[in-house]
Each structure stands twice: as C-alpha cells, then as structure tokens.
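Atom set for the values below is all heavy atoms of this structure, side chains included, hydrogens, waters and symmetry mates excluded. Counting starts at 1 for both ligands and their atoms, in listed order.
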Amino acid sequence: MTIGLPEEFAYLKVIPSYVCTRGCDYCYNVLLAQETSLDVAKLLDGVDEALRQAPRPVHVELIGGEPLQSPGLDVTIDLVERLSRNPQCAGIVLSTAMVAPDRLSRVIPLLSRVYLSMDLSNSKDNRKRLHIQRLRSVAELCDAHGVDLCLSTVLFGDESADELSRYVEDAKSSGVKSIGFTHRTASPMSKAEIAATVDQYHHLFRLRLAERPEIEIFGSMLDSIELSIIGGSRKAPCECGRNSVVVEPDGTLSPGVCFDHRRGRYSIMQFTQLRSERPAHLLEGMCGTCRLWSVCQGGCVSEAIRLNGSPLTRANLECEIIRGLASLIERDIAALSNDSA
Ligand code: SF4
Ligand code: SF4
C-alpha cells in the first residue's frame with residue numbers, strides 16, 4: 001500500500017517518544033498537546049515503510065521529546081543501528097538537549113550530524129544553559145567521529161546584542177560550525193516582545209554576514225530575508241509535507257513536528273491538498289501586495305491554524321516579525337547605498 005510520500009521527499013523526521021522531563025516553558029510538544037504514545041513495533045514499521053517507498057536515499061532525523069531519555073533512549077539506539085545498515089538512509093541526524101557522554105557516545109559513531117539544543121537567556125526558565133566546557137567536550141566528541149555539531153537556540157527575548165555576539169564567539173571557539181536561531185513559536189507574544197525579537201534577528205543578521213564562513217548563523221527568518229535580498233524564492237513556506245515528513249511514535253505519518261494536536265492531525269495527502277489551495281486565498285489579502293511573498297508565502301501553516309483556526313490564513317506572528325526585520329534591513333541597505341554614492 002502506498003503511503004503517499006511527497007514527490008520531493010528527502011528528509012524523514014522520527015519521533016521515538018514525546019517524553020522529556022526538562023520542562024522548558026516554551027516546549028511546543030507540551031503547548032501543542034503532542035502526546036501520542038510510543039508503540040515500538042509500529043514506529044519501526046513506519047520508518048521501514050517510509051524508507052522502502054522513498055524515491056531516493058533520505059536523511060533521517062531523530063527528534064523528540066528527548067530521544068536520549070527513557071523511553072525514547074532504547075528505541076533511538078535501536079533505530080540508529082538499523083538506519084546505519086539501511087541503504088535508503090543517506091545520513092542520521094540527532095536532535096537532543098542531552099550532553100551526558102555515556103548516552104551520546106552510544107550513538108555518535110553512527111551519526112552524521114547532531115543538533116544540540118542550547119539556550120543563552122539569563123531567565124530562570126532557561127533549562128538549556130550549558131557551560132562552555134561541556135559544550136567543548138561535546139564538540140570534541142563530535143569532531144573525533146567526523147560528526148557536524150550544530151546548535152539549536154531559542155530566543156527568549158531578553159538576550160542583549162552583546163550576549164548574542166559573545167554566544168556566537170564562544171560557540172565558534174568551541175568548534176561549533178553552525179547555530180540555528182528561532183523565537184518561541186508556540187507561545188503568544190506581545191507587541192513589545194515582537195519588537196525585541198525583530199531587533200535580535202536584526203543583530204543576528206549582521207553577525208551572520210560578519211561571521212561567515214567561520215560559523216553559519218541560520219534560521220528561517222534569517223534565511224528568508226537573505227533570499228529576498230538576493231531575489232530568490234521558496235517553493236513553499238517551509239519543508240513540512242513538501243520534502244520532509246514525520247513518523248510519529250505510533251508509526252503514523254504526519255507532515256511536520258509543529259502541529260497542534262488538539263486541532264486534529266493531518267495526513268500527508270490532506271496537507272498537500274491544503275497547501276495547494278492556500279496561495280490563492282492568501283493572495284486575495286495583504287500577501288497579494290507584499291514584497292516578501294516569494295520567500296514567505298504566508299508563513300507557517302501550523303501557526304495559521306493555531307492562531308486563526310484556518311490553514312488558509314497567514315501566520316500573523318511570523319508575518320509581523322519578518323516584515324519588521326525586512327524594514328530594518330532595507331534601511332541598512334539604503335544607508336549603505338547613500339554612503340557609497
Ligand atoms: S528539551 Fe526540548 S522536548 Fe524537552 S522540554 Fe525542552 S523544548 Fe521540550
Ligand atoms: S510577510 Fe505577511 S503579508 Fe507578506 S507574504 Fe508573509 S504573511 Fe503575507
């Protein structure tokens with residue numbers, strides 16, 4: 001039976017378990033009620049079938065919850081070993097916030113990349129602060145096995161420009177090759193918080209240009225803005241359901257990891273259909289005259305559903321942030337042009 005993988009399928013995300021006891025207050029798994037229970041046999045079947053039907057070898061990312069915490073840990077170790085023997089797997093990626101060497105070292109030799117979740121906020125709610133010495137030991141472990149180490153960092157909004165610069169510098173000196181930044185995507189944001197986030201992305205965009213190629217600073221906002229400046233375009237607002245699909249802990253397929261499960265779950269086919277209908281609806285409204293359409297396309301479908309109850313609307317928060325960021329960067333470009341005139 002065909003499972004309806006998208007034509008451009010190239011990336012499989014697997015959730016060994018939604019369990020994680022770290023307790024981050026912005027955790028989208030918790031805020032979006034993602035609680036599907038683990039069924040090991042069905043999960044393994046789901047992964048095998050997705051790889052069997054994949055039109056080409058694909059990268060497989062294990063993501064949580066926390067893949068290195070029970071009950072995900074045993075499944076993760078088993079999956080990593082199986083995937084390493086599967087010719088349809090082009091590389092194994094692990095997303096984790098765990099740095100315990102006894103756990104990491106059990107899987108690292110078979111991985112191609114680690115996304116390490118680490119935040120820099122001084123807030124008492126930051127559950128992912130990591131001492132630089134520990135970061136260095138993870139970087140050394142990855143380096144010893146030829147594994148790329150990338151940081152995944154969530155902006156709380158309270159990080160100053162100096163702190164962001166220092167964080168990037170520390171990561172670079174520890175051997176980290178790239179850092180992805182995002183804001184708190186599943187929490188409400190006030191106008192002041194949106195403005196602070198725009199300023200942070202603005203600073204990060206400057207750092208991105210200044211630090212290239214020693215360290216790559218990325219994230220969907222930063223990538224989209226640069227793409228817009230160079231006149232590029234995206235095929236879709238994001239990779240969900242286009243070139244990437246998810247195997248849930250019960251073995252079912254879903255389009256992305258960021259969906260609100262209280263509002264029901266979409267099959268890949270339902271989601272593909274929705275996505276093909278969405279541009280026509282959006283282009284009738286303010287997206288129709290927006291200079292960022294080619295790189296934004298209404299933003300995250302899941303955010304639109306969560307905030308407006310409809311996938312055919314735009315992602316309001318993402319919209320405000322990217323338009324704010326674009327204005328600041330356009331102002332920078334205009335100032336540069338005036339200086340050189
Ligand atoms: S570490 Fe990740 S999965 Fe765990 S609570 Fe924090 S955000 Fe959620
Ligand atoms: S920035 Fe806003 S208006 Fe522009 S394309 Fe994106 S969602 Fe639409």
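Set against the non-hydrogen atoms of Gly23, the atoms of ligand 1 under 4.0 Å away are 5 (S). With ligand atoms numbered from 1 in the order given, ligand 1 contributes 3 (S) to contacts under 4.0 Å with heavy atoms of Asn29. Using a 4.0 Å cut-off to heavy atoms of Ile322, the atoms of ligand 2 that qualify are 1 (S). Heavy-atom contacts of Cys319 reach the following atoms of ligand 2: 1 (S), 2 (Fe), 3 (S), 7 (S) (cutoff under 4.0 Å). Interface atoms of ligand 1 facing Gly65, defined by a heavy-atom separation under 4.0 Å, are 3 (S). Remark: ligand 2 atoms within the under-4.0 Å shell around heavy atoms of Arg314 are 7 (S).
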Audit row: Ile15, Val247, side chain to side chain contact (heavy atoms under 4.5 Å, CB included) steps and yes/no: CA-CA 6 Å; Ile15 301 171; Val247 179; over 6 Å; no
Worked check of side chain to side chain contact (heavy atoms under 4.5 Å, CB included) between Val19 and Gln69: CA-CA 8 Å; Val19 173; Gln69 176 185 337; 3.9 Å; yes
Working for side chain to side chain contact (heavy atoms under 4.5 Å, CB included), residues Leu312 and Glu277: CA-CA 8 Å; Leu312 303 177; Glu277 292 167 12; 4.3 Å; yes
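Contact check on Glu239 versus Arg242 returns no salt bridge, with no Lys/Arg side-chain nitrogen under 4.0 Å from an Asp/Glu carboxylate oxygen.
Side-chain contact check for Ser165 and His203: at least one donor-acceptor pair (N or O, by modelled atom type) lies under 3.5 Å.
Atom 4 (Fe) of ligand 2 has no N, O or S atom of Cys296 inside 2.8 Å of it. The nearest N, O or S atom of Cys20 is not closer to atom 6 (Fe) of ligand 1 than 2.8 Å. Coordination check, Cys27 versus atom 8 (Fe) of ligand 1: passed, since an N/O/S atom of the residue sits under 2.8 Å.
Ring pair His59/Tyr11 is parallel by interplanar angle, where below 30° counts as parallel and above 60° as perpendicular.
Remark: minimum distance from atom 6 (Fe) of ligand 1 to any protein heavy atom is reached at Cys24 SG, 2.4 Å. The protein heavy atom nearest to atom 1 (S) of ligand 1 is Lys128 CE, 3.3 Å. Protein heavy atom nearest atom 8 (Fe) of ligand 2, with residue, atom name and distance: Cys287 SG, 2.3 Å.
Contact of the Arg291 side chain with the Glu330 side chain is registered, since non-hydrogen atoms from C-beta on lie closer than 4.5 Å.
Comparing Cys290, Pro237, Gly324 by heavy-atom distance to atom 3 (S) of ligand 2, the nearest is Cys290.
With Glu226 as the partner, the salt bridge (charged side-chain N to carboxylate O under 4.0 Å, His left out) test is satisfied by one option alone out of Arg234, Arg212, Arg206: Arg212.
Heavy atoms from other residues, nucleotides or ligands lying under 6.0 Å from NZ of Lys42 number 12 at most.
Contacts between Val30 and ligand 1 below 4.0 angstrom, taking non-hydrogen atoms only, are absent altogether.
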